[in-house]
Structures are given as structure tokens and as C-alpha cells.
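Just below is one structure, and these are the notes that go with it.
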Amino acid sequence: MSTQQLIEPRTLKGFRDYLPEIMIPRERLMETARRVYRSYGFSPIDTPALEYLEILAGKGSDETDRQMYRFEHGGRQVGMRFDLTIPLARFAAQHIGKLGTPFKRYHIAPVWRGENTQAGRYREFVQCDFDTIGTESVASDVETALVIHDLLKAIGIERFQVRINNRQILNGLLEQLGLLDRSQAVLRAIDKLEKLGPDVVDEELQRVGGLTAEQATTVLGLCNMNGDSNELLSQLEHALVGNDSGMAGVSRLRAIIDGLQAAGVSEDRYRVDVTIARGLDYYTGVVFETLLQDLPSIGSVCSGGRYDNLAGLYTKQHLPGIGASLGLDRLIAAMEQLNQLEKPKTTADVFVPFFDADRLNDYMKLCSVVRRGGYNVEFYPDSKKLGAQLKFADDRGFAVALVAGSDELNAGNCQVKDLRNKSSEVVHWSENPQPLLDAIAKIISSSTTSK
RNA sequence: GUGGUUGUAGCUCAGUUGGUUAGAGCGUCGGAUUGUGGUUCCGAAUGUCGGGGGUUCGAGUCCCCUCAUCCACCCCA
């Protein structure tokens with residue numbers, strides 16, 4: 001044997017391996033996202049993980065610049081994408097002539113941010129983005145909210161709430177107060193209201209934002225309004241009388257709320273929340289965040305908003321848009337913490353033990369017949385003790401095993417075994433597989449309804 | 001990036017004021033059972049005590065560094 005020193009197998013901080021029990025639900029979630037996006041007519045695209053540094057740098061914020069993985073290769077400065085929105089802007093500027101507007105795309109892919117890790121925060125994670133570009137229509141605002149709602153519903157999240165705001169509202173108020181140039185600091189301070197409370201935010205508004213005590217009180221007063229979405233909007237309207245931008249923001253929100261109601265979305269699934277501001281600088285209108293009510297501390301699992309002219313840095317063509325992004329890995333981390341994540345250990349429905357070591361070809365035939373009948377079948381590769389093989393199947397969570405030794409195979413039969421209650425039934429399958437498929441279907445349907 | 005938490009077998013952890021060959025439960029593997037699993041019984045394997053350095057006659061226990069982890073800030077999916 002070699003005495004060569006072994007290299008310790010390990011992964012970088014914030015980068016993870018995905019075992020089957022996580023990868024199976026992960027793939028299922030991506031599949032669900034694709035299905036929901038497609039149900040609204042979004043089409044898939046993909047872009048490179050690596051972009052010219054000039055494409056990515058300076059587009060998000062100072063913070064995203066700092067977090068970006070960047071390096072030199074072949075004399076070129078390159079960066080790894082830290083979101084899917086900036087690459088979309090570059091993509092749109094390059095291809096919108098061919099694509100035409102409005103253009104609706106979805107993009108499910110990993111992004112990289114070199115920040116410190118925390119629960120639900122990784123350095124490599126998958127985002128499931130969808131965006132509509134080339135229109136300012138309120139219809140696309142409503143649809144974005146609807147997609148977020150449908151998506152979480154389809155994933156099976158029971159308790160979530162989409163928080164909706166419009167940056168124009170706060171900007172309108174700031175305009176009235178003569179504080180428009182402070183909007184970024186104010187929005188960031190307000191974003192912390194729920195987490196840190198009004199006192200801390202009040203202090204930050206004055207210290208960081210440079211507001212007077214009176215101004216800070218007015219801003220906080222606007223944030224503290226109570227009531228349902230409609231009442232809230234009326235109060236905001238009242239507070240913003242005479243401010244065009246603010247009023248426009250309120251009427252946008254009202255249109256979205258009306259649209260959600262018309263689409264039959266239950267009222268506790270969304271809420272107008274003036275404190276939702278979003279950190280990224282490029283949002284200019286409606287913004288969304290989605291909170292899990294059973295685990296608010298993990299942060300938003302699906303966020304987005306409207307941007308006026310995202311591609312403006314790359315093209316002279318005016319391209320407004322709106323979109324949002326599901327944080328797949330954060331959502332999975334949350335579901336895991338809440339014990340809402342099923343962790344299957346197999347992708348197959350039916351288990352076939354290698355019972356008689358001399359009859360490999362018979363098992364190959366049996367498995368093929370069942371696969372052609374629409375089931376995933378796992379055949380055990382070693383003909384060891386039957387009990388051990390059945391234990392393997394049981395540990396993996398199989399519901400059905402097809403047991404056939406020489407007696408059964410000679411007669412063209414097999415035992416269809418229900419692994420949950422140990423019962424089994426002998427079925428003849430060699431000429432007509434239908435009775436076998438029916439017996440499998442019976443067990444599988446009874447085991448899934450009992451879950 | 002800043003501050004703090006934790007790091008002992010695959011998993012969950014115990015390990016007394018530093019003292020000889022580091023333990024338990026669960027899991028894994030083998031057997032009891034040469035055509036039928038989840039119970040029971042018997043038996044077995046597995047640790048450079050996260051890694052490196054230091055103090056000491058002696059370190060899993062103390063100190064420093066490092067890596068990882070979780071939490072808070074920051075930021076965000």
C-alpha cells in the first residue's frame with residue numbers, strides 16, 4: 001500500500017455538498033418553480049457564471065462589490081455573478097432586439113457571495129428568478145405578486161405572507177420633508193423597524209440619516225399605521241396629498257391589492273407594509289418580501305421589485321421591468337428547521353431483490369416490464385440474503401418489493417409485497433403485466449394517502 | 001469585515017481541580033434464522049479528542065494561532 005499522505009476531504013466555508021435526501025426535495029422544488037413560472041408564460045434562459053468584471057462591478061451596491069468573487073484569468077478581470085438580475089440586464093441589452101418586449105424569463109441557477117455564513121445564508125446558493133421586462137404595466141406588478149403567492153402555495157408552505165410596498169410612497173414623503181437626498185439611508189433604517197424596534201430606528205434616522213427629531217417622528221408615524229391593506233392605503237393617500245409621485249405609488253399598490261383580491265388570493269397571504277424597503281439600490285417602485293410566519297428570523301425567502309431602467313448601463317434602449325427571486329437554499333434551510341422537509345432516500349417506487357443468483361436475466365425482464373408500466377424500479381445488485389435485501393429496501397422507505405425466487409419465476413409469477421404491513425400477493429405477469437401493475441398501484445396509492 | 005458560541009466514534013453527547021490502555025446510547029457490520037425485513041438476543045469494527053504550535057514530568061482538559069460551526073452586527077435569498 002502507498003504511504004502517501006491522504007488529503008483531508010472538505011468543502012469551503014459556505015459551500016456545501018448535497019446528499020440525495022436534500023437533493024431530491026431540492027430538485028422537486030426547482031421543478032415546482034419551473035411549473036409555476038411556466039404557468040404564467042415565463043421562458044427559461046441561462047447565462048454564464050462568470051462575467052467580465054466591468055459588467056458586474058458597481059451595479060449592485062458597495063456591499064455586493066465587496067462580496068463578489070473576482071479574479072484575473074488570461075489577462076482578463078472576471079467576476080462570478082452574485083445575483084441573476086445584473087446578468088439579466090446585460091443579457092437583455094444584448095438580445096432584446098431578437099426577443100422583443102414584453103419579455104418574461106425565468107432563471108434558476110447558483111450565485112456566489114463571499115459573505116459570512118449564517119443560518120440560511122451560504123456563499124453558494126441557488127436563486128429562482130422570474131422577471132418581466134419591457135413594460136411598466138401594473139398588470140405585470142400584479143402578476144409578480146401572484147406568481148410569488150402561487151409558488152409558495154405550490155411548494156406547500158402553509159403560513160407565509162407577501163409584504164408589499166412601493167418606494168415611491170416613502171420617497172414622496174421624503175420629498176415633502178425635503179429629504180429626498182437622504183432616501184437611501186432612510187429606507188435602510190426603516191427596513192430594520194420590525195427587527196430592532198422604533199427606538200433604534202429613530203436613533204439611526206437622526207444619526208445616520210441626518211434627520212431632525214421632528215422629521216424622524218413623522219417618518220416613523222407613517223410606518224406605524226395600522227389596519228388592513230385598504231385602510232392603510234387610504235391613510236397613506238391622506239398623508240401624501242399633493243405629492244404626485246407618492247400618490248402614484250399608492251394607486252399602484254391599490255391596483256395590486258385589487259388584482260390579488262380579484263384573483264382569489266386569501267387576505268392573510270399579503271399585506272401592505274411601509275417598512276419593507278429592500279436593500280438593493282436599483283429598485284424604484286413596488287417591492288416585495290416574503291416572510292415565513294413560523295420562522296421570520298430566517299428573513300425573506302422570496303423578494304423582488306420594480307426597476308425603471310435596469311439595462312440602462314448597457315444600452316440606450318429604455319427597459320423597465322419587475323421581478324422577484326425565490327431563495328431556494330434559504331427556503332430549504334427553513335423547511336428543514338420547521339420539520340416540513342420530506343427527505344426521501346430513494347427515487348424509485350419499486351424494489352426488486354436479487355433473490356436467485358442464477359436468474360439475473362429474469363429479473364432484468366421483470367424490472368423492464370414494470371418500468372415500461374411507468375414505475376421507477378431499483379434492482380439490488382448482489383444476491384445476498386433476502387432478509388438483508390428487504391431490510392435495505394425498508395431503510396430506504398420503499399413501499400413495494402417484488403419478490404421472485406425460482407418457484408415464482410418458473411411459473412411466470414412474482415410476489416407483490418407491501419413492505420409496510422408485510423402482506424404479499426402472488427401475481428402472474430409473464431404474458432400480461434397488467435395485474436402486476438395494478439397490484440403495485442394499489443399499494444402505492446394506499447401508502448401515499450396514509451401520509 | 002467586526003464581536004461572541006461551539007468543535008470528543010457515522011449521529012447525539014459524557015469525560016470530575018491536567019494524571020497511566022478515552023466512554024455511553026443510537027446507528028453500522030456479522031451471527032442466532034442455508035426462500036422473506038422493521039422486535040429480541042449474542043458478537044464485532046470505528047477516534048491522530050477539528051488541525052498546528054506552546055506551557056508541563058504529563059494536555060481531551062491550560063495558553064496562542066488556524067479551520068469549521070452557530071449567533072449578533074452588517075447585508076441579504
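Chain naming here is simple, since letters A, B, ... match the order of the sequence lines and numbering starts at 1 in each.
None of A:R121, A:R66, A:R123 except one satisfies the side-chain hydrogen bond (donor to acceptor under 3.5 Å, both in side chains) rule with A:E115; the exception is A:R121.
Nucleotide B:G27 holds its C1' atom 14 Å from the CZ atom of A:R396, rounded to whole Å. One can place NZ of A:K384 at 7 Å from P of B:C29, the figure rounded to the nearest angstrom. Atom CG in A:L19 sits roughly 12 Å away from atom C1' in B:G10 (whole-Å rounding). Going from atom OH of A:Y122 over to atom P of B:C75 covers 21 Å, rounded to whole Å. The nearest whole Å value for the distance from the CD atom in A:Q67 to the P atom in B:U2 is 14 Å. Taking atom CZ of residue A:F15 and atom P of nucleotide B:U69, one finds them 11 Å apart after rounding to whole Å. The distance between atom CD of A:E115 and atom P of B:U2, rounded to the nearest whole Å, is 15 Å. Per the geometry, CG belonging to A:N410 stands 14 Å off C1' belonging to B:G35, to the nearest Å.
If you check every strand for non-hydrogen atoms under 4.0 Å, A:D329 touches nothing. Within the nucleic acid shown, A:G387 comes within 4.0 Å of sugar-phosphate atoms alone, with no base atom in reach, counting heavy atoms only. Contact annotation for A:E408: base contact, defined as any heavy-atom pair under 4.0 Å involving a base atom. Using a 4.0 Å heavy-atom cutoff across all strands shown, A:F392 reaches no nucleic acid atom at all. Heavy atoms of A:D407 sit under 4.0 angstrom from at least one base atom. Note on A:L326: nothing from the nucleic acid sits closer than 4.0 angstrom, heavy atoms only. Contact annotation for A:A119: backbone-only contact, meaning every heavy-atom pair under 4.0 Å involves sugar-phosphate atoms and none involves a base.
Applying the 4.0 Å criterion to OP1 and OP2 of B:U28, one finds that A:K391 has a side-chain N or O inside that range. At least one side-chain nitrogen or oxygen of A:Q118 sits closer than 4.0 Å to the OP1 or OP2 atom of B:A72. Taking 4.0 angstrom as the limit, A:K13 places a side-chain polar atom (N or O) nearer than this to OP1 or OP2 of B:U69.
Annotation: the span from A:Y37 atom OH to A:K104 atom NZ amounts to 13.0 Å, rounded to 0.5 Å. The distance from the NZ atom of A:K417 to the OG atom of A:S424 is 5.0 Å, given to the nearest 0.5 Å. Note that the CD1 atom of A:I108 and the CZ atom of A:R34 stand 4.5 Å from one another [nearest 0.5 Å].
Separating the C1' atom of B:U5 from that of B:A72 is a span of 11 Å, rounded to the nearest Å. Here the separation of B:U56 from B:C64, taken at their C1' atoms, is 16 Å to the nearest Å. Taking atom P on both nucleotides, B:U39 is separated from B:C26 by 11 Å, rounded to a whole Å. Across the P atoms, B:A44 and B:G51 are found 28 Å apart, a figure rounded to whole Å. Remark: the separation of the C1' atoms in B:U21 and B:G58 is 15 Å, to the nearest Å. Using atom P as the reference point in both B:G15 and B:G7, the two lie 11 Å apart (nearest Å). Taking atom P on both nucleotides, B:U66 is separated from B:A22 by 31 Å, rounded to a whole Å. Comparing B:G10 with B:G27, their C1' atoms are spaced 7 Å from each other, to the whole Å.
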message: As a quick check of understanding, evaluate side chain to side chain donor-acceptor pair (under 3.5 Å) for A:H428 and A:N413, giving each step before the final call.
response: CA-CA 4 Å; A:H428 187 73; A:N413 293 338; 2.8 Å; yes
- request: Quick one: do A:Y380 and A:V352 satisfy side-chain contact (heavy atoms from CB on, under 4.5 Å)? Show the steps, please.
  value: CA-CA 6 Å; A:Y380 198 84; A:V352 177; over 6 Å; no
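Side chain of A:N116, nearest nucleotide from B:C75, B:U2, B:G35: B:U2. Side-chain proximity of A:T117 to B:C74, B:U36, B:U69: nearest is B:U69. Nearest to the side-chain atoms of A:K385 among the listed nucleotides B:G38, B:U36, B:G31 stands B:G31.
Mapping A:R123 and A:Q415 onto RNA chain B by nearest heavy atom places A:Q415 at the nucleotide closer to the 5' end. Between A:L328 and A:L390, the residue anchored nearer the 5' end of RNA chain B, judged by the nucleotide with its closest heavy atom, is A:L390.
Summarising the base pairing, B:G25 is matched to B:C11 through a Watson-Crick or G-U wobble pair whose two defining distances lie under 3.5 Å.
Judged by distance alone with a 3.5 Å cut-off, no donor-acceptor contact links the side chain of A:R113 to the base of B:C76.
Taking the six-membered ring wherever Trp is involved, the centroid distance between the rings of A:F42 and A:F130 falls below 6.0 Å.
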